[in-house]
Engineer: 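Right, I'll just put the structure down here and ask away after.
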There are 2 protein chains.
Amino acid sequence: MKPMKISEAVVRRLPVYLQVLNDLNARDVQTVSSQELGNRLDLNPAQIRKDLAYFGDFGRKGIGYDVTYLIEKIRQILKLDQPLNVALVGAGNLGRALCNYNTYLKDNMKITAVFDVHPSMIGSAINGLTVLPMDKLKETIVARNIRIGIITVPAVEAQHVADQFVDAGVDGILNFAPTILRVQDQVRIHYANFTTELMSLAYYLDEEGEEDHHEPDLD
Amino acid sequence: MKPMKISEAVVRRLPVYLQVLNDLNARDVQTVSSQELGNRLDLNPAQIRKDLAYFGDFGRKGIGYDVTYLIEKIRQILKLDQPLNVALVGAGNLGRALCNYNTYLKDNMKITAVFDVHPSMIGSAINGLTVLPMDKLKETIVARNIRIGIITVPAVEAQHVADQFVDAGVDGILNFAPTILRVQDQVRIHYANFTTELMSLAYYLDEEGEEDHHEPDLD
DNA sequence: TAGATTGTTAATCGATTAACAATC
DNA sequence: TAGATTGTTAATCGATTAACAATC
């Protein structure tokens, strides 16, 4: 257990490594080098080695990394080797889509409670879960040991939901609403906002065209 | 038109500035300082000023930034002042949720075509759009001047869909499938993967607890 | 004028990359 | 042994922040 501070950039790359490793594993690849991983991810091999070395000596000089072993190790680092209960507020289109994605069962992360403010929603079932009213939020989160809250309500309601999550004692929030949330420092917030993503993508349209995009006619 | 290279970090902050500015605008705030924006976003005011100064002199010394003017300018920078047509492949739960989010009409970005491989889906309507078969993809993208493709299919199909998007001539792809895509360099790919987001969030659980989280009993 | 706040330069900080001894 | 590849140190690169003259 090294007391070294790991940068957020490193932590964000770990799930991506895991993604590629799972893919290699599914194709029965036994061993992979940082070079090979770098190719697949458009990342510098030295960076990958350095990232992994923060957490231990997972590779073998002259050989590379054992795929299944590295998967196991990264899963441990990300705490995916133990169950993680998640609650979701907002049983609209997006919320329901996420609930149905409980494919990530294999990663031990599971949405175990769904809430909504709308009386018409309450009591309906989504992928085996009954939608609960907001006044059951705190007791459910405590009783089911829920650590993370997902917010899929409209932007105007998001802060209010966040406050209730924090009050109920969650440690992290994943916010899909297009708004900034203010919470106590010890609660971590990640944003998953596709509008933002789409906007930054829009910036780059034609951007490369300004350099040398004079397509030679190939007829 | 300065020939300066803008870093990706800067571009990714612009939509977030826009979010906050729209919020201020909705509450009839006329003017905002970098200090105030920094407070709301947990960002250094100097960074905000520097980010904006890459694109022009939008502020007034001693006063701050005019909210509506800055919104207009950022929208121009992100090319949100002109229509941007988007196509989506994968009319499952998530795909339908995104189509129904065409709230972002006000930003001129609009999903104008939806495709799916499953015959059972084809012909059905989602938020006014008819789901089309994949063999109509290229002609539709060309005909409707679609610049961006959204992928909401399972991971194993994602690369194939990406190839078709690239072949049809899109400039950017927003990929929701949990897999890395390989495309020609001039096509830009952004990833919107909540599993990844959830995993990196999981890493931080209890992390702050190791520092000094000895909650003083307050009874 | 005094106070506030920008745009920008210089200083600092941190992250990425190159290079290489260790070793499989 | 020769070739490959790690883990790690040092060098480089780039991004963030501090500081301040300009000016509203």
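Note that the coordinates shown come from a computational prediction; the quantities given were computed from them, not determined experimentally. Order of the sequence lines sets the chain letters (A, B, ...), proteins ahead of strands, with each chain counted from 1.
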Engineer: Need to verify one output field. Residue with the more 5' nearest nucleotide on DNA chain C, B:P45 or B:K50?
Structural biologist: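 Nearest-nucleotide comparison on DNA chain C picks B:P45.
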
Engineer: Does D:dT16 have its OP1 or OP2 closer than 4.0 Å to a side-chain nitrogen or oxygen of B:R13?
Structural biologist: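 For D:dT16, OP1/OP2 do have a side-chain N/O of B:R13 under 4.0 Å.
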
Engineer: Do other residues, nucleotides or ligands put more than 12 heavy atoms under 6.0 Å from A:R12 CZ?
Structural biologist: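 For A:R12, atom CZ is crowded (more than 12 foreign heavy atoms under 6.0 Å).
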
Engineer: Does B:Y65 place a side-chain N or O at less than 4.0 Å from the phosphate oxygens OP1/OP2 of C:dG7?
Structural biologist: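 For B:Y65, the contact criterion (side-chain N or O under 4.0 Å from OP1 or OP2 of C:dG7) is met.
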
Engineer: Would A:Q19 and B:N193 count as a side chain to side chain contact (heavy atoms under 4.5 Å, CB included) if you check the C-alpha gap in whole Å, the side-chain angles of each, and the deciding distance to 0.1 Å?
Structural biologist: CA-CA 11 Å; A:Q19 214 171 66; B:N193 191 234; 3.5 Å; yes

Engineer: How many Å lie between CD1 on A:I63 and P on C:dT23, as a whole number?
Structural biologist: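 Rounded to the whole Å, the gap is 14 Å.
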
Engineer: Rounded to the Å, how far apart are B:D42 CG and D:dT17 P?
Structural biologist: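 These atoms are roughly 11 Å apart.
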
Engineer: Any idea which heavy atoms bring B:I146 and B:A87 closest together, and the distance?
Structural biologist: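 That would be CG2-N, 3.5 Å.
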
Engineer: Starting at NZ of B:K5 and ending at P of D:dC13, how long is that distance when rounded to a whole Å?
Structural biologist: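 The distance from NZ of B:K5 to P of D:dC13 comes to 17 Å, rounded to the nearest Å.
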
Engineer: Rounding to an integer number of Å, can you tell me how far A:I48 CD1 sits from C:dA15 C1'?
Structural biologist: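 Nearest whole value for this atom pair: 15 Å.
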
Engineer: Could you tell me which nucleotide pairs with D:dT5 by Watson-Crick or G-U wobble geometry, both distances under 3.5 Å, or answer none if nothing does?
Structural biologist: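 D:dT5 is paired with C:dA22.
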
Engineer: Would you call B:D51 and B:R13 a salt bridge, using N to O less than 4.0 angstrom?
Structural biologist: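 Yes.
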
Engineer: Quick check with a 6.0 Å cut-off and a 45 degree axis cone: is A:K79 positioned over the face of B:Y203's six-membered ring?
Structural biologist: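 Yes, A:K79 lies over the aromatic ring of B:Y203.
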
Engineer: A:A46 or A:G62: which one's nearest nucleotide on DNA chain D is closer to the 5' end?
Structural biologist: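 Final value for this comparison: A:G62.
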
Engineer: Starting at atom NZ of B:K61, determine the distance to atom C1' of C:dA4, rounded to an integer number of angstrom.
Structural biologist: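 Computing the B:K61:NZ to C:dA4:C1' distance gives 13 Å.
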
Engineer: Any base atoms under 4.0 Å from A:R49, or only sugar-phosphate, or nothing? Heavy atoms, all strands.
Structural biologist: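 The residue A:R49 makes base contact.
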
Engineer: Figure out the CG/P separation between B:D66 and D:dC24, and round it to whole Å.
Structural biologist: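 Atom-to-atom, B:D66 to D:dC24, this comes out as 16 Å.
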
Engineer: Please tell me which of the listed nucleotides, C:dG7, C:dT23, C:dT17, lies nearest to the side chain of B:D57?
Structural biologist: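 My answer, after comparing the listed nucleotides, is C:dG7.
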
Engineer: Let me know, please, whether B:V32 or A:D51 comes out on the 5' side of the other along DNA chain C by nearest nucleotide.
Structural biologist: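 First, find each residue's nearest nucleotide; the 5'-ward one identifies B:V32.
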
Engineer: Would you kindly give the CD-to-P distance between B:Q35 and C:dG3, to the nearest whole Å?
Structural biologist: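 That distance rounds to 18 Å.
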
Engineer: Establish, with yes or no, whether the OP1 or OP2 oxygen of C:dT6 is under 4.0 angstrom from a side-chain nitrogen or oxygen of B:S34.
Structural biologist: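 Result: yes.
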
Engineer: Between P on C:dG7 and CZ on B:F58, what's the gap in Å once rounded to a whole number?
Structural biologist: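 One finds 9 Å between P of C:dG7 and CZ of B:F58, rounded.
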
Engineer: Please tell me which of the listed nucleotides, D:dG7, D:dC24, C:dC24, lies nearest to the side chain of A:R60?
Structural biologist: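 Closest nucleotide among those given: C:dC24.
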
Engineer: Would you mind pulling out the nucleotide paired to C:dT12, Watson-Crick or G-U wobble, both distances under 3.5 Å?
Structural biologist: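 Here C:dT12 is engaged in a pair, and the nucleotide opposite it is D:dA15.
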
Engineer: Could you check which of D:dA19, C:dG7, C:dT16 has an atom nearest any side-chain atom of A:Q47?
Structural biologist: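 So the side chain of A:Q47 is nearest to C:dT16.
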
